[in-house]
Amino acid sequence: MENININGNLVLGIDIGGTGIKAALVNIETGKLVSDRVRIKTPNPATPKKVLKVIDNIIKELQWNGSIGCGFPGVIKNGVVKTAANLSKKWIGVNLSEKLEQFTAGNCSVINDADAAGLAEVKFGPGKECKMCDGEVLLMITLGTGIGSALFVDGKLIPNTELGHIEINGKDAEARSANSVREKKKLSWKKWSKKVNKYLTTLENLLSPDIIIIGGGVSKHSNKFFKYLYLQSKVKPASMGNTAGIVGAALSSLAFIN
Ligand code: BGC
């Protein structure tokens, strides 16, 4: 297979989610997608074997043989999956970076999915406006199937913060206020926002962020729920929507060498 990455700035970004696996070729200098965005439903059960088969098919379809950056919804250390809250537990201990290397001649990097989305929003979204100095704290929270978090101090990522799993009223925060809970329980925007507000206030009390960016597919409905959020920090919707995870995964090839 020919490597079409002539300029060295194209990376295949893959975003493995609890609901969908999304991918596209990304120009990591501009943050723009340079191929169609592919979206395949996450297999059920989402075992490593089944998910890797989907990824193999995507790579073949895009005829890609260059670098890959992949976001995964769990803690990632040196390319190895350490937790998998919303996918099969068989993922725990899998070296995803090595698995991806079987499919390509390029380098492969793996990053937590929310950290990936955060990297993209910091580089190309509202995070661009941040000073990135004097200890500025930027918190990105993704409200999707689960809740993901990405924490930046002076623009530097502190990876794997997993703030979606703090306890609120004796319950895992993501089990109370993820967007999937709103959908499953058919909560009104107002009712759901109350839970989100309590969650974000708790984080605010712990971290005093200067800015909170809300991501995940639901961020495109910010006009429906931001009016119910009462926070000290500046709150902004993510600007890249569902592509942040793909673009940030591709950017991880710059951030880490796994
Ligand atoms: C996982 C996180 C992930 C988040 C969003 C949580 O359940 O523990 O690692 O970032 O879901 O996908």
Side-chain angles (χ1 to χ4, degrees), residues 10-28 30-64 66-74 76 81 84-88 91 96-97 99-100 103-104 106 108-125 140-150 164 178-180 183 213-221 237-255:
L10 297 189
V11 174
L12 175 62
I14 304 174
D15 181 14
I16 303 176
T19 318
I21 298 171
K22 291 145 270 174
L25 285 177
V26 179
N27 179 328
I28 52 174
T30 61
K32 297 266 183 277
L33 304 191
V34 296
S35 74
D36 284 342
R37 176 173 167 274
V38 183
R39 188 185 189 282
I40 314 278
K41 218 169 156 267
T42 306
N44 189 7
T47 56
K49 202 169 165 198
K50 289 190 174 195
V51 171
L52 287 166
K53 183 82 203 124
V54 170
I55 292 176
D56 187 22
N57 289 340
I58 292 174
I59 293 169
K60 287 196 176 118
E61 193 183 315
L62 291 170
Q63 303 199 338
W64 186 241
S67 296
I68 297 176
C70 181
F72 184 90
I76 300 292
V81 176
N86 292 308
L87 299 182
S88 159
W91 274 104
L96 179 52
S97 195
K99 296 275 178 207
L100 294 173
F103 303 138
T104 181
C108 296
S109 59
V110 185
I111 182 173
N112 169 266
D113 59 350
D115 285 343
L119 282 180
E121 295 291 345
V122 162
K123 188 145 192 222
F124 302 112
M140 163 125 187
I141 295 294
T142 61
L143 301 168
T145 312
I147 294 184
S149 60
N179 189 44
S180 56
E183 290 174 343
I213 300 176
I214 303 293
V218 75
S219 60
K220 63 175 178 279
H221 300 299
S239 68
M240 305 182 71
N242 267 334
T243 62
I246 298 173
V247 173
L251 285 177
S252 76
S253 61
L254 296 174

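Numbers here simply count residues along the sequence, with the first being 1.
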>> Quick check: closest heavy atoms across Met140 and Ala238, and the distance to 0.1 Å?
In response: CE-CB, 4.2 Å

>> If I compare all heavy atoms of Gly164 with all of Ser149, which pair ends up nearest, and what's the gap?
In response: N-OG, 4.4 Å

>> When you measure from the side chain of Glu121 to the backbone of Ser239, do you find a donor-acceptor pair of N or O atoms at a distance under 3.5 Å?
In response: yes

> Counting distance only, does the side-chain N/O of Thr42 pair as donor-acceptor with the main-chain N or O of Gly20 below 3.5 Å?
Replying inline: yes

> Rounded to the nearest 0.5 Å, how far apart are CD1 of Ile214 and CG of Leu143?
Replying inline: 5.5 Å

> Side-chain contact, heavy-atom cut-off 4.5 Å: Pro237 with Ile213?
Replying inline: no

> Shortest non-hydrogen contact from Ala114 to Ala150?
Replying inline: O-CB, 3.4 Å

> To the nearest 0.5 Å, how far apart are CD1 in Ile59 and CZ in Phe103?
Replying inline: 6.0 Å

> Quick check: does any side chain N or O of Thr104 sit under 3.5 Å from a backbone N or O of Gly66, one acting as donor and the other as acceptor?
Replying inline: yes

> Say you draw a straight line from CZ of Arg37 to CD1 of Ile246; how long is it, rounded to the nearest 0.5 Å?
Replying inline: 5.0 Å

>> Keeping Ser97 on the side-chain end and Cys108 on the backbone end, is there a donor-acceptor pair under 3.5 Å?
In response: yes

> From Lys53 NZ over to Ile58 CD1, what is the distance, rounded to the nearest 0.5 angstrom?
Replying inline: 11.5 Å

> Would you call Thr142 and Ile147 a side-chain contact if the rule is heavy atoms closer than 4.5 Å?
Replying inline: no

> If every non-hydrogen atom of Ser35 is compared with every non-hydrogen atom of Ala24, which pair is closest and at what distance?
Replying inline: OG-CA, 3.6 Å

>> As an exercise, state the distance from CG of Asn112 to CG of Leu119, rounded to the nearest 0.5 Å.
In response: 10.0 Å

>> Tell me whether the count of non-hydrogen atoms from other residues, nucleotides or ligands lying under 6.0 Å of CG in Asp36 goes above 12.
In response: no

>> With heavy-atom distances below 4.5 Å as the criterion, would you say the side chains of Ile76 and Val81 are in contact?
In response: yes

> Less than 4.5 Å apart, any side-chain heavy atom of Leu251 and any of Phe124?
Replying inline: yes

>> Looking at every non-hydrogen atom in both residues, tell me the closest pair between Pro48 and Ser88 and how far apart they are.
In response: CD-OG, 4.4 Å

> Checking Asp113 side chain against Gly71 main chain: does a donor-acceptor pair fall under 3.5 Å?
Replying inline: no

> What is the minimum heavy-atom distance between Val11 and Ser253, and which atoms define it?
Replying inline: CG2-OG, 3.6 Å

>> One pair to check against side-chain hydrogen bond (donor to acceptor under 3.5 Å, both in side chains): Ser109 and Ser252. What are the steps and the verdict?
In response: CA-CA 6 Å; Ser109 59; Ser252 76; 2.9 Å; yes

> Out of curiosity, Leu96 CG to Ile16 CD1, how far, rounded to the nearest 0.5 Å?
Replying inline: 5.0 Å

>> Would you say the rings of Phe72 and Trp91 are close, in the sense that their centroids are separated by under 6.0 Å?
In response: yes

> Would you say the side chain of Ile21 lies within less than 4.5 Å of the side chain of Val51, judging by non-hydrogen atoms?
Replying inline: yes

> Considering only heavy atoms from C-beta outward, does the side chain of Leu62 approach that of Leu12 to under 4.5 Å?
Replying inline: yes

>> Using the rule given for side chain to side chain contact (heavy atoms under 4.5 Å, CB included), can you reason through Cys70 versus Ile111, listing the C-alpha separation, both sets of side-chain angles and the distance that settles it, and then say yes or no?
In response: CA-CA 6 Å; Cys70 181; Ile111 182 173; over 6 Å; no

>> Can you pull out every side-chain hydrogen bond (donor to acceptor under 3.5 Å, both in side chains) where at least one residue sits in residues 12-27? Sequence neighbours excluded, please.
In response: Thr19-Thr145

